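In what follows, every chain begins at residue 1, and chains take the letters A, B, ... in the order their sequences are listed. As the structure is a prediction and not an experimental result, all values here were calculated from the model.
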Amino acid sequence: MRARERPEGHAEGTGMYEFEEKRLEKLDAMRAQGLAVYPHGLRVTHSTAQVEALIGGRDAAALGEDSTEVVLAGRLMFKNEMGKAGFARVQDSEGRLQLYIRKNDVGDDTFNDVWKKLDLGDHVWARGRLMLTKSGEPSVHVSELRLAAKCIASLPDKWKGLTDPEYRNRHRYVDLFVNPESREAFVRRSRVVRAVRDFFEARGFFEVETPMLQPIPGGAVARPFVTHHNALDMPLYMRIAPELFLKRLVVGGMEKVFELNRNFRNEGVSTRHNPEFTMLEFYQAYATWEDLMDMTEALLGEVARKVTGGGAVAYADHSIDFGQPFRRWRMSEAISEKTGLSAEAVADPAAMRAFWIEGHPKDAKNPKLPSTVGKWYEWLFDEYVEEHLIQPTFITHFPAEISPLSRRSEAEPEVAERFELFVAGMELGNGFNELNDPQDQQARFLAQVAARDGGDDEAMYFDADYIKALSFGMPPTAGEGIGIDRLVMLLTGNTSIRDVVLFPALRPDRGGAAEAEAAPQPGVTQG
RNA sequence: GGGCUCAUAGCUCAAUGGUAGAGCAUCGGACUCUUAAUCCGCAGGUUCCAGGUUCGAGUCCUGGUGGGCCCA
């Protein structure tokens, strides 16, 4: 075999290079002996968890009389060689299980050419019988052992694991098999999504998929990603919300409809924001916003119960209970209580301005300060109220001014029949009676266009086709959106959205690019 | 975008401005029930990058890159 060329970027004596070099040598040696290093067609009969269940509580003597054979496979996470015998611990998607290998049982060839050459991280395949070790650990006494797939890279510290958040996020494939809590978070995420779908299916809702590429981005107040369609030679926007399309479907007669899918917002990245995130939106004709609050309590109660087994959920320093009715708190009252402003002051932009400047003297000449009640509500709420809403709380009666898609209250036209749900200081949901008056909607869009022209680049665009849809008549409808990533954060105890998004947005990794260019090329090294 | 902070071996971490170390992993050896196996031995470094200060920089300074937390 000719000497392998040292890849560019790996200086003489570089640890990483030599590590992989050694493993590649083993791989070449196995190939030379005619042993497959990436075989296909291997079958298993049991998972690690199933083998453990088979063993049950039986003692060593009982297992000795059981001739059941199991075939299992997994990644080698632990290897302990003791001369002519050894232990291995393999991990599959359901857990870990120990293997016991003796030279006498597997034969010299397998022992020397397979077992001794196995490296941590390799995928192994084994056949054997059930056993308990002397210390009582459920194990498989191996009669046949094969390499199922070679691992060339080196694994993180087997005891300390992998803690660097950057490495975990950039190399999720390693994080997932090294850190059980990471894996568990994504298993739970899957259960959350399933439980949400089950909830709506059971209530006769219809799941749909509406455009992610939209000619006019709508349905939320946010900056969109823009792209270009070459063949049509037109700009397209990644959706910031599916809302306007879902309501078109209600016009079309889909009276109970939901979508659970990705939205994209071209905004900052933080522990609570990822540029792409998963949103549930649902709409029901002839339901009201109050019905939606009831439904939200039922939904979150059911999802939390199914995913966590019930009871309060530990989150940050809090214990959050989804199991009972949520507080419903009028926005003006919440602001009044948390700021100490009177009910009259909370209706007066000048009074709110004075209060704000008292707390933020540097803003005295800030030209961006709000001038209207609605905008002041946003500012005061974000600053003084939101962080205090720990237990699930519906904030109700939003200003119509900042709710361009919501129906106004007939009794109080300046107020929208709209609520938002807050948990652990985070906005989790947003629901309202849908504005189905096309003339009012047109006026609201025009107000948004004016705001945009005035420099508000988050203001909504005018969507003429949506107005046309409403002109055909949308039945009285209520709709709501719930942020799934944040819900998963709450139900997994993670305070960063990056811990519940498999591949979160990160800046390009220069080091990683260099690594990729310099990587050894296992496929071209055989000589 | 701003503030604070971090970046040293594959991983987890040490190192008063004065010879870059440890544990695990890896490599060689011993061991037929180990549990972070044990024992013996070896090897592994562009201290994130580019400048600067200094007799001397992993350490101090400036700029950059990437991450984390907080704020916007």
Side-chain angles (χ1 to χ4, degrees), chain A residues 8-26 60 63-64 76-89 96-108 111 115-122 131-142 151-171 174-175 177-179 223 266-273 316 360 362-363 366 368 378-379 382-383 386-387 425 458 494-499 504-515 518-520:
Chain A
E8 219 172 303
H10 282 292
E12 187 80 24
T14 297
M16 189 57 216
Y17 175 74
E18 292 193 346
F19 183 93
E20 294 190 352
E21 174 82 345
K22 285 290 189 321
R23 291 202 169 187
L24 289 169
E25 277 169 12
K26 288 187 189 179
L63 290 172
L76 184 67
M77 299 303 287
F78 173 92
K79 188 186 183 193
N80 180 10
E81 289 183 89
M82 297 178 303
K84 298 180 183 66
F87 289 93
R89 208 157 289 145
R96 288 186 179 192
L97 192 74
Q98 181 168 262
L99 307 179
Y100 179 51
I101 294 102
R102 287 198 312 190
K103 196 171 190 175
N104 291 358
D105 303 321
V106 297
D108 290 4
F111 196 81
W115 166 247
K116 285 197 155 184
K117 290 195 170 72
L118 280 179
D119 294 310
L120 290 186
D122 287 352
M131 68 172 279
L132 278 189
T133 62
K134 281 178 180 170
S135 58
E137 179 162 345
S139 306
V140 168
H141 194 138
V142 174
C151 171
I152 294 166
S154 76
L155 264 52
D157 189 294
K158 73 178 175 189
W159 182 238
K160 298 276 181 60
L162 193 57
T163 60
D164 177 13
E166 180 175 4
Y167 193 99
R168 295 180 56 190
N169 290 330
R170 286 194 195 280
H171 308 284
V174 181
D175 179 40
F177 72 75
V178 169
N179 293 322
R223 226 166 289 169
N266 201 346
E267 296 172 349
V269 171
S270 80
T271 49
R272 294 179 180 189
H273 299 87
H360 304 79
K362 287 179 183 168
D363 275 339
N366 184 347
K368 289 183 177 171
E378 277 188 330
W379 279 55
D382 288 353
E383 178 79 6
E386 185 171 9
E387 64 180 308
E458 289 191 334
N494 282 301
T495 53
S496 172
I497 196 170
R498 286 185 284 271
D499 295 332
L506 294 170
R507 285 195 170 83
D509 176 21
R510 257 188 341 147
E515 205 173 280

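Contact annotation: the side chain of A:L97 approaches that of A:V140 to within less than 4.5 Å [non-hydrogen atoms, C-beta and beyond]. Under the 4.5 Å side-chain criterion, counting only non-hydrogen atoms from C-beta, A:F111 is not in contact with A:R102. Here the side chains of A:L506 and A:N169 are in contact, with some heavy-atom distance below 4.5 Å. Between A:E81 and A:K116, some side-chain heavy-atom pair lies under the 4.5 Å cut-off. Residues A:T133 and A:Q98 meet the side-chain proximity criterion, which asks for heavy atoms closer than 4.5 Å. Residues A:R498 and A:V269 are in side-chain contact: their nearest non-hydrogen atoms beyond the backbone lie under 4.5 Å apart. Using a 4.5 Å heavy-atom threshold, the side chains of A:N179 and A:L162 count as touching. By the 4.5 Å heavy-atom criterion applied to side chains, A:Y167 and A:D175 are not counted as neighbours.
When the P atom is used for both B:rG63 and B:rG68, the distance is 22 Å, rounded to whole Å. Between B:rU8 and B:rG2, the two C1' atoms lie 29 Å apart (nearest whole Å). One P atom belongs to B:rG23, the other to B:rC40, and the distance between them is 11 Å to the nearest Å. Separation of the C1' atoms belonging to B:rC39 and B:rC49 is 43 Å when rounded to the nearest angstrom. A distance of about 22 Å separates the P atoms of B:rU5 and B:rG18, rounded to the whole Å. Only the P atoms considered, B:rC6 is 22 Å distant from B:rG10, to the nearest whole Å. Taking atom C1' on both B:rA9 and B:rG17, the two are 23 Å apart, rounded to the nearest angstrom. Rounded to whole Å, the separation between the P atoms of B:rC71 and B:rA14 comes to 27 Å.
Nucleotide B:rA72 forms no Watson-Crick or G-U wobble pair with any nucleotide shown, as no partner meets the under 3.5 Å limit on both distances. Base pairing annotation: B:rG21 forms a Watson-Crick or G-U wobble pair with B:rC13, both donor-acceptor distances under 3.5 Å. Across all strands shown, the partner of B:rG66 is B:rC6, judged by Watson-Crick or G-U wobble contacts whose two distances both fall under 3.5 Å. When both distances must be under 3.5 Å, the Watson-Crick or G-U wobble mate of B:rU47 does not exist.
Summarising the geometry, the separation between CG on A:N80 and P on B:rU26 is reported as 11 Å, rounded to the nearest angstrom. In this structure, CE of A:M131 is placed 10 Å from C1' of B:rU34, rounded to the nearest angstrom. Atom CZ of A:F177 and atom P of B:rC11 are 13 Å apart (whole Å). Protein atom CD of A:Q98 is 14 Å distant from nucleotide atom C1' of B:rU32, rounded to whole Å. As rounded to whole Å, 12 Å separates atom P of B:rA25 from atom CG of A:L76. Protein atom OH of A:Y167 is 16 Å distant from nucleotide atom C1' of B:rA7, rounded to whole Å. One can place CG of A:L155 at 14 Å from C1' of B:rU12, the figure rounded to the nearest angstrom. The CG atom of A:D122 sits 11 Å away from the P atom of B:rU26 (whole-angstrom rounding).
A cation-pi arrangement is absent between A:K103 and A:W115, since the terminal nitrogen or guanidinium carbon is not both under 6.0 Å from the aromatic centre and inside a 45° cone about the axis.
In this structure, A:K158 reaches the B:rA25 phosphate: one of its side-chain N or O atoms is under 4.0 Å from OP1 or OP2. Residue A:T163 places at least one side-chain N or O closer than 4.0 Å to OP1 or OP2 of B:rU12.
The nucleotide whose nearest atom lies closest to any side-chain atom of A:L162 is, among B:rU12, B:rU34, B:rA25, B:rU12. When the nucleotides B:rU32, B:rC24, B:rC33 are ranked by their closest atom to the side chain of A:D157, B:rC24 comes out on top.
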Grab the N/O contacts between the protein and nucleotides 67-72 of chain B below 3.5 Å, and write none if there aren't any.
unit_1 : atom_1 : unit_2 : atom_2 : d
B:rG67 : OP1    : A:R507 : N      : 2.9
B:rG67 : OP2    : A:R507 : NH1    : 3.1
B:rG67 : O4'    : A:E166 : OE1    : 3.2
B:rG68 : OP1    : A:R498 : NE     : 2.6
B:rG68 : OP1    : A:R498 : NH2    : 3.3
B:rC69 : OP2    : A:R498 : NH2    : 2.6

Do any N or O atoms of the protein come closer than 3.5 Å to N or O atoms of nucleotides 28-31 of chain B, and which pairs are they?
unit_1 : atom_1 : unit_2 : atom_2 : d
B:rC31 : N3     : A:E81  : O      : 3.2
B:rC31 : N3     : A:G83  : N      : 3.3
B:rC31 : N4     : A:G83  : N      : 3.4

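Between atom CZ of residue A:R89 and atom NZ of residue A:K79 there is a gap of 14.5 Å, rounded to the nearest 0.5 Å.
Under a 3.5 Å cut-off, the side chain of A:R23 and the backbone N or O of A:C151 do form a donor-acceptor pair.
Checked by distance alone, A:R23 brings no side-chain donor or acceptor within 3.5 Å of a matching partner on the base of B:rU26.
Residue A:T133 is classed as a base contact, given a heavy-atom separation below 4.0 Å to a base.
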